[in-house]
Trainee: 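Mind having a look at this structure? Questions to follow.
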Amino acid sequence: MREITFAQAITEALDEEMARDPSVFIMGEDVGVYGGILGQLAGLFDKYGPDRVRDTPISETAIVGAAVGAAATGMRPVPEIMFCDFLGVPMDEILNQLTKMRYMFGGKAKLPIVIRTLIGAGIGAAAQHSQCLEALFMHIPGIKVVIPSTPYDAKGLLKSAIRDDSPVIYFEHKLLIVMPLKGEVPEEEYTIPLGKADIKREGKDVTVVATALMVHRALAAAAKLQEKGVSIEVIDPRTLVPLDKQTIIDSVKKTGRLVIMTEECKTGSSAAEIAAIVAEEAFDSLDAPIKRVNAPDTPVPFSPVLEKFYMPDEENLIKAVTEIV
Amino acid sequence: MREITFAQAITEALDEEMARDPSVFIMGEDVGVYGGILGQLAGLFDKYGPDRVRDTPISETAIVGAAVGAAATGMRPVPEIMFCDFLGVPMDEILNQLTKMRYMFGGKAKLPIVIRTLIGAGIGAAAQHSQCLEALFMHIPGIKVVIPSTPYDAKGLLKSAIRDDSPVIYFEHKLLIVMPLKGEVPEEEYTIPLGKADIKREGKDVTVVATALMVHRALAAAAKLQEKGVSIEVIDPRTLVPLDKQTIIDSVKKTGRLVIMTEECKTGSSAAEIAAIVAEEAFDSLDAPIKRVNAPDTPVPFSPVLEKFYMPDEENLIKAVTEIV
Amino acid sequence: MAIEKEKLIDMYHRMVRIRRFEEKVVDEFAAGRIVGFVHLYIGEEAVAVGACANLGDDDYITSTHRGHGHLIAKGGKTERMMAELFGKKTGYCKGKGGSMHIADVDIGILGANGIVGAGIPIAAGAALSAKLRGTAQVAICFFGDGASNTTRFHEGINLASAWKLPVVYVCENNMYAISVPQSKHQNIADIADRATAYGIPGVVVDGNDVIAVYEAVGEAVARARRGEGPTLIECKTYRHRGHFEGDPTPYRTKEEVDEWKKKDPISRFKGKLIEMGVLAEKEADEIDREMKGEIDKAVKFAEESPLPEPEETLEDVYA
Amino acid sequence: MAIEKEKLIDMYHRMVRIRRFEEKVVDEFAAGRIVGFVHLYIGEEAVAVGACANLGDDDYITSTHRGHGHLIAKGGKTERMMAELFGKKTGYCKGKGGSMHIADVDIGILGANGIVGAGIPIAAGAALSAKLRGTAQVAICFFGDGASNTTRFHEGINLASAWKLPVVYVCENNMYAISVPQSKHQNIADIADRATAYGIPGVVVDGNDVIAVYEAVGEAVARARRGEGPTLIECKTYRHRGHFEGDPTPYRTKEEVDEWKKKDPISRFKGKLIEMGVLAEKEADEIDREMKGEIDKAVKFAEESPLPEPEETLEDVYA
Ligand SMILES: Cc1ncc(C[n+]2csc(CCOP(=O)(O)OP(=O)(O)O)c2C)c(N)n1
Ligand SMILES: Cc1ncc(C[n+]2csc(CCOP(=O)(O)OP(=O)(O)O)c2C)c(N)n1
Ligand SMILES: [Mg+2]
Ligand SMILES: [Mg+2]
């Protein structure tokens, strides 16, 4: 099968959905001529023009607010917030309009909006351009949370997100784009349903749930642990809301051991929620404490030596696994 | 001992700290002549005047941003965001300035700021004026999170918060103010250290961790459960950051059972983090699944019948406890 | 005066309907049958009615926390509004929204809103949608003097002006943001001056003169439909009641309130209509009775409607 | 021209120091010894230097993502800056901040900032602090044309004007927000016109003329110190390099860049100083050599400085 990059997967998904449905349009900072700050939108401006690929002022509040107004009146906006770190700016629009309007109106409005945004450390971008903020959105009812780890997933999930009638936030890990990560993606059309985890590697001793970049580090750790005779099952939830907890619980029933690895700051992360679910709903299957491998509770530091220490890696995961097997 | 209301406890703390330290000042919407939307600041404007009790425009971004600038240059601002629901507006200032500046500057700035704000449902204020958002701030390193349940705690914790050299967010549950909840508070000065849980009731069968209004519902449930012969220990963390996990773990070691009850939407709540900590650090002491009693993952509905269903209550807690004893 | 008689009478109808609706809300709130935050529009009716009189059913409005007037002016049904205030299943939001969240998307009402200024970018978005879909729809966005200091005001109007969107921004300057007078919350006298910042027209209007509002907004709506972009219209007005029901109003004097009550937009309009020979005193009484009757029926409808089932709390989060 | 010779020469020094510093950064970034996002100020030096020449050590500035120039103009040490860019322990932020977060609170530098417009309310807060403490300090806030469309611009300047705070807002209009030209991100030609919205003076200045900037900002600083509140000053300028290092600049032409290079603020100022008889060509060369030497030393200092220990990641979160 042909291989494409993570960024190309995103471009293709947008391209196909825009071709398919004239109500889909993009708006954001430097999405036009620039093609997205990391090139995720290359070529779309030329193909669809300035009406459907709209450069905005630096006005994240207006971007999300206008998306709400456009969606409530029949469009399917795909706004971009360049880095997820900037989601604090339109947070009120997300917290009080986007995620609540349908409910407050008694089910009368439909808000088919996909907010695309970059997450993650690893390129020396420091504290305000490197965060992983998915947990904040997990905690706000009314928005689905998508966090792909491969070009295949990125494309299939983005297409489903755009077709979904509810608000979605879609996180792109910048290192997967910059590396660039390549992966197999069929020429034929496909979609991936939101809410379906993917078992990225089967195993029987320990369940590791990981997201985005951490999926790759978990797989690398799993390969090393295999050499030591420890068999790891790596589960990529792909969407945190809806969360496919059944796949996780089924795996824990098999392995009896769970480690959750995400790049977020540990306290209050998506890893906490997954741990809490398993401690509540699959307690009897557990043979060992639930471990979390996360970034520390600090901002992301700049210096490469500090940033490396900050980011969870294979060694951290191997250590956590070793403590419970 | 004399009894005062929850609102009076807050007023007294502010009054004493303003009298003590001329660098302390208040700013926010309707904090002046109006005395705070629920009267939490009654009398302070008359006593300290418009320079130190400053009515602001409806500009939450500027309120927090200006607090950062003032604090970095020697003042101790106590900004108010009327309802926590509005914290989405200055979220960027919180996420990227307030909580990160010290770190990004390599430890060179001190930001002694206390953001006061109202949380909670129960007065028919609907989706945009009733939320409990403490989990969002737990997940952002760099800010301490205070959530008192009694007038005594409210006063002692607020005084400590104002004296703390780090940013603090201080949540006032509106129902505790509106009821109004009264409680014993000594005339003499006292403070309560941040990071010290309070065992509001001792028990031996089940540990219940609860915050804010839920502490009172947990105590009411505990009284009923006592009649059925189930002995509940009720722990009020009082601060979620720093979290006194030792007191919780020690209690779980004694009881072997844990239920966490907060008014937040369940997914990604502070209850999830507490569950995850115990599942990670006190797994061997657990004899049963960790239960969470929370609001559902929905916005807060308006109609009193819906709002009542939405809010966790004694019955919900009794049911959860009954499932694990 | 080129306004047709029917139009004028219809506007008068709507103003009275709003007033009677809200007077009833005062009583029901006092009686404890309506709970929560209720912000009344009494004294400001000319703004909503004058503005909305320029719109059709498929045009849009965004409203505020003080929304009853806008909704009624745009054609909202008083019985479904009252039922919502009573928290009933037959309310516009099935009891989920309450006063601050009433909406009727089918007739272009994109919701009252509990977040000050939130409607400003939302209205821009609705206007963008109209533009992208190639319709002649416009959006009117209502907001207060206090809202003109929010993030949403600046980013929303800048976007609308940069993109020449068909939206009319109607600022209801009632001189206070809760307890804070305009002179303390901003260093300008006329909010319309802020139009300069976006290169769009800014207009000051007597907000208690429904015809003046109608005409100013009419021009702006025409401009918007021609594709020339947004206008900022400031309507100077006053709320007779406290910020919300229960407000002790320590921040203003009785004299000030009395002064403004003399400028009551409904009596003024009535006087004018009588003077113009368009309305007789008797007809005015008739309209008043009719509206009272409608509102009584609305209350009865609300009373007799069923409450939602508690489990409905869990519905309507996702589409 | 009432400016003293020493002052003029000092300003020239600072402009050259900024230029030499950043030219070195270009090389070090290309060599991979500096990583992350690096936004260069080359071509805009007159703004920072002209503005900061009005300040003392205890006055404040807030800077931007494009901060090197502001920091050097306000007295920041190039060796500690370079060490920070190298991620070293001796850097201003012990390696935790990098280019976008360099600060020196001791001399009033409240930080470069990776969030566009974030400095605007922060500067208002520093000015409020000065006012509350009863000092004569002022704050200068730098920001770009793009930043003038953000939430922070509006709320921050409105607050500063409502409270008459001693702050000067210096907008560096370099005609682009990354790839988006001003004409597309706002419907006005002069950002200074936005002063109208806050009832404060708005001034347009040639941002490549350091003396013009110095004088305009000087007047605003004096006004601020007199307690008369903020001023908005727009400096028209241009960045010679891409938005950040690595930017392929598909959004502008080489002709446009060349046109602006002809208006280079440093050569212009040098020409003027020579013309005024304040500086000789030889002295200018000497200054250049001196600055080059300083920057070479800064690089050496950075190179030879130790890296932070990985565990330092965990420090400095709480006070
Ligand atoms: C973002 C936000 N901040 C604060 C509030 C609290 N609040 C509700 S109404 C109001 C005053 C609004 O003033 P204005 O815009 O002039 O409208 P008016 O009430 O006068 O009609 C405030 C501060 C809010 N609802 N939303
Ligand atoms: C809130 C926010 N939104 C977007 C960005 C991404 N970004 C960084 S610089 C920039 C352009 C800034 O333009 P301008 O204010 O004109 O400053 P200039 O770069 O031209 O000096 C953008 C969009 C950001 N850093 N912060
Ligand atoms: Mg008002
Ligand atoms: Mg610019």
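Below, chains carry the letters A, B, ... as their sequence lines are ordered, and counting in each starts from 1. Computed from a prediction, not measured in an experiment: that's the story for all the values here.
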Trainee: Please flag which part of D:Tyr318 lies under 4.5 Å from any non-hydrogen atom of chain B: side chain, backbone, both or neither.
Mentor: both
Trainee: Taking every non-hydrogen pair under 4.5 Å, which of D:Thr151, D:Ile115, D:Leu165 racks up the most with chain B?
Mentor: D:Ile115
Trainee: Among D:Ala112, D:Cys93, D:Ala160, D:Gly156, who wins on heavy-atom pairs under 4.5 Å with chain B?
Mentor: D:Cys93
Trainee: Among B:Thr211, B:Asp236, B:Asp198, whose side-chain hydrogen bond (donor to acceptor under 3.5 Å, both in side chains) with B:Ser149 holds?
Mentor: B:Asp236
Trainee: Could you check whether D:Ser99 and D:His39, counting side-chain N and O atoms only, form a donor-acceptor pair closer than 3.5 Å?
Mentor: no
Trainee: Are B:Phe83 and B:His129 an aromatic pair, judged by ring center distance below 6.0 Å?
Mentor: yes
Trainee: Any chance the side chains of D:Asp145 and D:Gln186 put a donor and an acceptor closer than 3.5 Å?
Mentor: no
Trainee: Is D:Glu84 in contact with chain B via its backbone, its side chain, both, or neither, using a 4.5 Å heavy-atom distance?
Mentor: neither
Trainee: Against chain B, label D:Leu128 side chain, backbone, both or neither, depending on which of its atoms sit under 4.5 Å from a heavy atom there.
Mentor: side chain
Trainee: Would D:His154 and D:Arg194 count as having a side-chain donor-acceptor pair, cut-off 3.5 Å?
Mentor: no
Trainee: Is it true that the side chains of D:Asp58 and D:Gln137 contain a donor and an acceptor less than 3.5 Å apart?
Mentor: no
Trainee: Please rank B:Gly106, B:Ala71, B:Ser23 by heavy-atom pairs under 4.5 Å with chain D and give me the top one.
Mentor: B:Gly106
Trainee: Give the member of B:Ala70, B:Ala67, B:Ala109, B:Gly107 that has the highest number of heavy-atom pairs under 4.5 Å with chain D.
Mentor: B:Ala70
Trainee: Please identify, among B:Glu60, B:Arg54, B:Lys108, the residue contributing the most non-hydrogen atom pairs under 4.5 Å to chain D.
Mentor: B:Arg54
Trainee: Do B:Lys159 and B:Glu189 meet the salt-bridge criterion of a basic N to acidic O distance under 4.0 Å?
Mentor: yes
Trainee: Which region of B:Leu111, side chain (C-beta onward) or backbone (N, CA, C, O), has a non-hydrogen atom less than 4.5 Å from a non-hydrogen atom of chain D, or is it both or neither?
Mentor: neither
Trainee: Quick check for you: among B:Thr61, B:Val89, B:Asp165, which has the greatest number of heavy-atom pairs under 4.5 Å with chain D?
Mentor: B:Thr61
Trainee: Taking the ring centre of each residue, are D:Phe37 and D:His65 less than 6.0 Å apart?
Mentor: no
Trainee: In terms of side-chain heavy atoms, does B:Asp85 have a donor or acceptor partner in B:Gln128 at a distance below 3.5 Å?
Mentor: no
Trainee: For B:Asp51, is it the side chain, the backbone, both or neither that has a heavy atom under 4.5 Å from a heavy atom of chain D?
Mentor: both
Trainee: Quick check on D:Val317 against chain B: is it the side chain, the backbone, both or neither that has a heavy atom closer than 4.5 Å?
Mentor: both
Trainee: Using a strict threshold of under 4.0 Å (side-chain N to carboxylate O), is an ion pair present between B:Glu17 and B:Arg20?
Mentor: yes
Trainee: Highest number of heavy-atom pairs under 4.5 Å with chain B: which of D:Asn113, D:Val105, D:Asn158?
Mentor: D:Asn113
Trainee: In terms of heavy-atom pairs under 4.5 Å with chain B, which of D:Gly98, D:Ala126, D:Gly97 leads?
Mentor: D:Ala126
Trainee: For the residue pair B:Ser270 and B:Thr262, establish whether any side-chain heavy-atom pair is separated by less than 4.5 Å.
Mentor: yes
Trainee: For each of D:Leu132, D:Thr62, D:Leu110, tally heavy-atom pairs with chain B at distances under 4.5 Å, and name the one with the top tally.
Mentor: D:Leu132
Trainee: If you measure from the Lys or Arg side-chain nitrogens to the Asp or Glu carboxylate oxygens, is any gap between D:Arg66 and D:Glu172 under 4.0 Å?
Mentor: no
Trainee: Under 6.0 Å between the ring centres of D:Tyr41 and D:His70?
Mentor: yes
Trainee: Could you tell me which portion of D:Asp104 (side chain, backbone, both or neither) has an atom closer than 4.5 angstrom to a non-hydrogen atom of chain B?
Mentor: neither
Trainee: Under 4.5 Å from any heavy atom of chain D, what part of B:Val168 do you find: side chain, backbone, both or neither?
Mentor: neither
Trainee: Among D:Ala103, D:Gly95, D:Gly114, single out the residue with the greatest number of heavy-atom pairs under 4.5 Å to chain B.
Mentor: D:Ala103
Trainee: Measure distances from B:Asp92 to the heavy atoms of chain D and classify the residue's part below 4.5 Å as side chain, backbone, both or neither.
Mentor: side chain
Trainee: Is D:Thr150 in contact with chain B via its backbone, its side chain, both, or neither, using a 4.5 Å heavy-atom distance?
Mentor: neither
Trainee: Based on non-hydrogen pairs under 4.5 Å, which of B:Lys110, B:Arg52, B:Lys144 is most in contact with chain D?
Mentor: B:Lys144
